[in-house]
Amino acid sequence: MTGSSDESTDPMMMMAAASGVATLVLASGLAYVMSQRSKDSGNVRQAEQAKPAVEELDAEKYPGGHVTIYYGSQTGTAESFAQQIAREGEEHGFKVHVVDLEDVTDDAADGGTMEAAIQSAVVNPAKADADGCSRAVFLMATYGEGEPTDNAAQFVAVLKEKAGISSNYNFEAELEAAAKASAAAAGEADYGEEKKGEFGDDDAGATDAAFFNGLSYAVFALGNRQYEHFCAMGKLADSALGVCGADRLAAVGIGDDDNDLEGDFENWKDTVMWPTLKKRFVAEGAMVDQKKSKATSGAGTELPDCPYEVEYLSGVSPSEAKADVVKSEEIHASTRHYFTAVDCPVRVSRELRTEQDPGSTVHMEIDISKAGDDVRYQTADNLGVLPVNDDDVVEAVAGALGYDLDAVFRLKPAPDHEHKHAALFPTPCTVRECLARYCDLTQAPRRSDLKLLASYATDPLDRSALLRMSSKEGKAEYREKIVNAHIGIGDIIARLCRSIEMPLEHFIAACPRLLPRYYTISSSSSMHPDSIHVTVSVVKTERQDGSVHKGVCSHHLAGIVENGTVRVFCRDSSFRLPKDPSRPVIMIGPGTGIAPMRALLQERSHQRKKRRIGSKNVGKNVLYFGCKTPHQDYLYEEELKDFEKEGTLNTLRVAFSRKTEKKVYVQHLLADDADETWTLVEKEKASVFVCGGTKMGSDVSETLRSIVAEAGGMSADEAKAYLDKMSSEGRFVQELWSA
């Protein structure tokens, strides 16, 4: 994106404002009506809560008072945005607190209810203003097809319950219907006493319009337009908080990762969030210039504030380094897997493509027989893999920064940061392990990361280049030279800006964490209870200068020899076969999207052979697979033919996109089978499972809507509602990834 900041701001803000106004009107109307039946109980409930002492602040330093940033993040982006706000808080007059949404439910683990834990954490009198109100900004990412991130799942569940919402993405229609019904009921109630159970708190699913009384809030939604339910969680949170009694400060901000998510966030932060907070909570003339004393680099330049301190353990060899035992509640929520993942041996690793294909897809089998309950899975669950950076990259970064890779250290909170310190990763450990396992050295850094790196550049040319690309005016250059060129922090430090000097603790604070990569498991837990199979596409991209950018996790996996180990954990997926095994299943999975379909076919085969109950047979199985040609990348071809021979796979349809001049994709074959598909879905209540890229998923969804509309005699909106209902019932499931 190019052009002035105003030009890039206006369209987004107009859209956000329009959405916010519409939601505000709807939510306010519903909240007003519903408050008549819940305000008394809400006020009593809040009055009964113990009121902690208000945390005293330096009014000159923080004239705006407290503001808490809550984030729901799957890949770390929302968390990094929260830290950005925290770094800027003092200059705008606010004491900023950053909170992982998973942490607000901690009190529930200690015996309290989830609702009480969330309410007391978010509407916190200790951080309230003079009027007793708390302020919060919610940075809400959407995971996959309209789902909450893992760390926000419990918060969203309570939020939906309190707002009377059941759907993640059709909530506006639910709220509108509830508002109309409540308004009608309230009109009748004017003439008589409300009936208990009809309008009172005992009413199942009733809106709690006082639950977030005393909270002022704003929401920024993170999403990707390649997904159908774009920014669903942010939009839901914005509406539901308002319905539950909170005071909306600003229209919901919308960030699109398919275009310029960071630019969208910066525009909203700089032109909406900060101006709104300051206008509302900072008195005119209250701001004074703040000069913080900072550490300096060897060149005498000021270093940014750092929350960590490194304690080097002299005399301790790498083989003697043993990580401290850390309590679960003392671990940083977003990096918990560093402490809990298990090393498991790889027993099988084989190439699935032929020599005629220049690419690589690897089938791997991981032995979990000795992992115990720490690594258990259900068919087609997700496997989280902790990647490891290449030795060459690690050594290049360490050499450029002057680190001793064999040095052993412990990571501690810096002075004045003890109160908010949580363990990032297991220490003591070596510098080598830190760089290899816990620092993302190859992913393109965000523009805010470049701005931070510039603080450590001792050469004015390096500093100027980093600041230029980190600016709003330098977005086009940043995209060309960093994102499109696949340049990571390791490249910047080791090759492009060699003047960067960073103490280890500062590097740990500035470098993004190396996050798990998720693969849909391609095996059945019934057939392979002690082994997990994954299907890995090995990512390799040639840069313009002729060098090669390698996918950090896929190359790590592809490089593991048999009996080598990989650090893993399991996570639930959405793929679940029908509880009634006689119901049909339609599976659509081109490329590595075949992985969960292979697992489901194994499970159906197991059902046919081992779990048949009486005369009730296993239902029909239909698979749509897609690849380039039969001689290049027809993954698991022999296995699929075996499933056909044994009668498990009733229909196999393969789309070859490069076999003929006309490219054929899975959605084309699905359209050809419209009548049979409608019969299976409508009459036999088939489940439909889709796995692959978002473009394919969108095309398949559109094809299904067309089939439903034409065969079922429905309008486009009715067909969409039909598929949405299937989705809510678990009969239409998509797991997609953006390109």
Side-chain angles (χ1 to χ4, degrees), residues 50-71 79-100 103 120-139 214-220 246-250 253 265-297 300-309 413-422 448 451-452 454-455 505-506 509-510:
K51 293 185 177 180
V54 176
E55 183 180 325
E56 293 294 332
L57 285 180
D58 182 338
E60 185 175 285
K61 190 175 183 180
Y62 303 112
H66 298 277
V67 61
T68 304
I69 316 300
Y70 297 97
Y71 64 86
E79 181 180 0
S80 74
F81 288 174
Q83 296 297 343
Q84 264 188 264
I85 295 174
R87 288 195 293 269
E88 299 174 7
E90 188 173 329
E91 67 181 86
H92 290 284
F94 291 89
K95 175 71 172 179
V96 175
H97 311 268
V98 174
V99 178
D100 187 319
D103 290 340
S120 62
V122 175
V123 188
N124 187 349
K127 294 181 174 60
D129 59 20
D131 295 328
C133 291
S134 301
R135 300 85 167 268
V137 174
F138 293 84
L139 307 180
L215 174 68
S216 297
Y217 75 97
V219 176
F220 182 80
D247 173 32
R248 182 186 289 103
L249 292 170
F265 170 68
E266 288 177 348
N267 285 332
W268 182 81
K269 171 175 64 71
D270 296 339
T271 66
V272 177
M273 188 199 76
W274 284 130
T276 300
L277 288 173
K278 291 166 76 172
K279 183 177 180 180
R280 180 82 172 263
F281 301 112
V282 179
E284 187 174 351
M287 291 294 298
V288 296
D289 291 335
Q290 304 289 342
K291 296 292 184 182
K292 297 175 66 176
S293 60
K294 298 182 180 180
T296 59
S297 70
T301 57
E302 288 187 342
L303 297 181
D305 182 47
C306 181
Y308 307 119
E309 188 175 89
D416 298 328
H417 289 272
E418 295 88 350
H419 63 289
K420 55 184 178 182
H421 177 75
S448 57
K451 183 178 181 180
L452 195 57
S455 305
E505 60 268 31
H506 283 258

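The figures that follow rest on heavy atoms only: side chains count, while hydrogens, waters and symmetry mates do not.
If you take OG on Ser448 and CD on Gln83, they are separated by 11.0 Å, rounding to the nearest 0.5 Å. Remark: Leu303 CG to Glu505 CD distance equals 9.0 Å, nearest 0.5 Å. A distance of 8.0 Å separates NE2 of His506 from CG of Asp305, quoted to the nearest 0.5 Å. How far OG1 of Thr68 is from NZ of Lys127: 6.0 Å, rounded to the nearest 0.5 Å. The NZ atom of Lys279 lies 12.5 Å from the CG atom of Leu249; values are rounded to the nearest 0.5 Å. Atoms OG1 and CZ, on Thr276 and Phe281 in that order, are 9.5 Å from each other to the nearest 0.5 Å.
A pairwise comparison of heavy atoms in Trp268 and Ala218 identifies CZ2-CB, 4.0 Å as the closest pair. A pairwise comparison of heavy atoms in Val123 and Pro125 identifies O-CD, 3.3 Å as the closest pair. For the pair Ala82 and Val98, the tightest heavy-atom approach, listed with the atom from each and the gap, is O-CG2, 3.6 Å. In this structure, Val272 and Ala250 approach most closely via the heavy-atom pair CG1-CB, 3.6 Å. Nearest approach of Ala86 to Val96, heavy atoms of both residues: CA-CG1, 3.6 Å.
The aromatic rings of Phe138 and Tyr217 sit perpendicular to each other, their planes meeting at more than 60°, with 30° as the lower class boundary.
By the side-chain contact (heavy atoms from CB on, under 4.5 Å) test, Asp131 pairs with Asp129, sequence neighbours left out. Remark: Lys269 engages Glu88 in a salt bridge (charged side-chain N to carboxylate O under 4.0 Å, His left out) (not counting sequence neighbours).
The closest side-chain heavy-atom distance from Arg87 to Pro304 is not below 4.5 Å. No side-chain heavy atom of Val137 sits less than 4.5 Å from a side-chain heavy atom of Tyr70. Counting heavy atoms from C-beta outward, His417 and Cys306 have side chains that stay 4.5 Å or more apart. Phe265 has its side chain within reach of Ile85: a pair of non-hydrogen atoms, C-beta onward, lies under 4.5 Å apart. Contact check for His92 versus Leu277: no side-chain heavy atoms found under the 4.5 Å cut-off.
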Worked verdict on Ser216 versus Arg280 for side chain to side chain contact (heavy atoms under 4.5 Å, CB included) | CA-CA 10 Å; Ser216 297; Arg280 180 82 172 263; 4.1 Å; yes
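For the pair Arg135 (side chain) and Gly64 (backbone), a donor-acceptor distance under 3.5 Å is present.
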